[in-house]
Amino acid sequence: MTIDYRDIARWCARVIVALCLFTFSGARAGGIEQLQYFIDRSTSGTATFQQFVYDVDGNLVQESQGNLTFLRPGRFKWFYKTPYEQVLIGDGTFLWVYDKDLEQATKVLLKDALGSSPAALLYGSKDIESYFGLEGLEPISDSERVKVIPYEESGLFERIEIALSEGVLRTMTLYDHFGQKTIIKFDDFVVPANVDANEFEFVPPEGVDIVTQ
């Protein structure tokens, strides 16, 4: 079977808009408590990441890495360095997906891209239990875990499982409705971080095709 890595990249882009970036400080608590602490306290952050995408048979079909920055509410930047450059920017109003090699930028209203996905935990209401079911999971080693289930059945993901250790997000495992799985491992997480709001402004380079959805 031939793997179309561009299709995978587009799927990963949809993954990213559903991501929530979690990090905490203070005494150890259960996953739900740490999640709520994040919602109440976190305002900005930076990290590096590795992302692994698996198909329905459990085969690794893509591995990528990069860095991220976010500033609540509604601003984030995911920069993929490998296997090729791609950047996803939420500027508070729009989501931009820029593919350097294709010389193409896709623009969509941020509220339409995020909807009631788990990304709303980062950018939306603090009343998270009105939109998501939260379930504490058994700890693994030194990591506390929590399951996040969107109430909106038409969303991209069936569930997300989050692992935290010593107050810092370690991994996110995202399960879609088609049996695919994405694992994101975070390092060098800093929250809050010194983030410039201008970093989330995107101006398409000259000659780039703009696709509006």
Side-chain angles (χ1 to χ4, degrees), residues 8-9 11-25 28-39 41-42 44-55 58 60-70 72 76-82 86 88 90 95 113-124 128 131-152 155-191 193:
I8 295 172
W11 185 83
C12 289
R14 295 194 297 270
V15 168
I16 293 305
V17 300
L19 294 182
C20 313
L21 314 176
F22 302 93
T23 185
F24 312 88
S25 62
R28 178 171 177 171
I32 293 177
E33 289 78 11
Q34 292 193 35
L35 172 57
Q36 188 63 61
Y37 183 90
F38 165 78
I39 297 299
R41 305 281 183 172
S42 181
S44 61
T46 62
T48 60
F49 67 87
Q50 291 180 292
Q51 180 173 296
F52 306 89
V53 180
Y54 298 87
D55 66 16
L60 178 65
V61 294
Q62 188 186 56
E63 179 177 348
S64 54
Q65 62 181 348
N67 56 57
L68 62 94
T69 306
F70 71 90
R72 288 177 50 153
F76 59 91
K77 182 176 182 179
W78 285 76
F79 176 54
Y80 285 93
K81 296 181 178 180
T82 61
Q86 185 181 59
L88 295 90
L95 168 68
L114 299 180
S116 61
S117 75
L121 295 172
L122 180 60
Y123 314 119
I128 58 175
Y131 304 94
F132 309 99
L134 305 177
E135 179 183 335
L137 300 175
E138 287 293 322
I140 295 179
S141 185
D142 63 345
S143 295
E144 298 290 341
R145 299 192 302 143
V146 60
K147 180 192 298 184
V148 179
I149 304 175
Y151 289 145
E152 184 179 330
L156 178 62
F157 295 101
E158 177 186 346
R159 70 185 189 279
I160 295 178
E161 295 180 2
I162 302 160
L164 308 103
S165 176
E166 298 180 353
V168 176
L169 175 66
R170 301 302 184 189
T171 65
M172 295 181 66
T173 304
L174 302 97
Y175 300 86
D176 71 11
H177 295 284
F178 304 101
Q180 298 181 102
K181 178 175 69 173
T182 300
I183 298 176
I184 302 178
K185 298 182 179 180
F186 297 95
D187 290 298
D188 306 318
F189 229 124
V190 177
V191 169

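Only heavy atoms go into these numbers, but all of them, side chains included; no hydrogens, no water, no symmetry mates.
For the atom pair Glu138 CD and Ile140 CD1, the distance stands at 9.5 Å (nearest 0.5 Å). Rounding to the nearest 0.5 Å places CZ of Phe49 at 11.0 Å from CZ of Phe189. To the nearest 0.5 Å, atom CZ of residue Phe52 and atom CD of residue Gln65 are 8.5 Å apart. Of the inter-residue distances, the one linking Ile160 atom CD1 with Thr173 atom OG1 reads 9.5 Å to the nearest 0.5 angstrom. Between Gln62 atom CD and Thr82 atom OG1 the span is 9.0 Å, to the nearest 0.5 Å. Separation of atoms CG (Leu137) and CD (Glu144) is listed at 10.5 Å; rounding is to 0.5 Å.
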Exercise for the section: Could you go through the side-chain contact (heavy atoms from CB on, under 4.5 Å) check for Phe70 and Val191 one step at a time? Expected result: CA-CA 10 Å; Phe70 71 90; Val191 169; 4.2 Å; yes
Handout entry: Check against side-chain contact (heavy atoms from CB on, under 4.5 Å), Phe186 and Met172
Key = CA-CA 8 Å; Phe186 297 95; Met172 295 181 66; 3.8 Å; yes
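In this structure, the side chains of Ile184 and Leu174 come closer than 4.5 Å at one or more pairs of heavy atoms. Between Tyr80 and Leu88, some side-chain heavy-atom pair lies under the 4.5 Å cut-off. Side chains of Trp78 and Gln86 form no contact here, defined as non-hydrogen atoms less than 4.5 Å apart. You'll find the side chain of Leu134 reaches within 4.5 Å of the side chain of Val148, heavy atoms only. At least one side-chain heavy atom of Ile162 sits less than 4.5 Å from a side-chain heavy atom of Leu169. The closest side-chain heavy-atom distance from Val146 to Glu33 is not below 4.5 Å.
Checked against side chain to side chain contact (heavy atoms under 4.5 Å, CB included), Thr171 has the following partners two or more places apart in sequence or in another chain: Ala163, Lys185. In this view, Arg145 satisfies the side-chain hydrogen bond (donor to acceptor under 3.5 Å, both in side chains) rule with no residue, not counting sequence neighbours. For Asp187, the side chain to side chain contact (heavy atoms under 4.5 Å, CB included) partners two or more places apart in sequence, or in a different chain, are Thr48. Every residue two or more places apart in sequence or in another chain was checked for a salt bridge (Lys or Arg N to Asp or Glu O under 4.0 Å) with Lys77, and none qualifies. For Glu135, the salt bridge (Lys or Arg N to Asp or Glu O under 4.0 Å) criterion is met by Lys147, not counting sequence neighbours.
For Lys181 against Tyr175, the heavy-atom pair with the smallest separation is CD-CE2, 3.6 Å.
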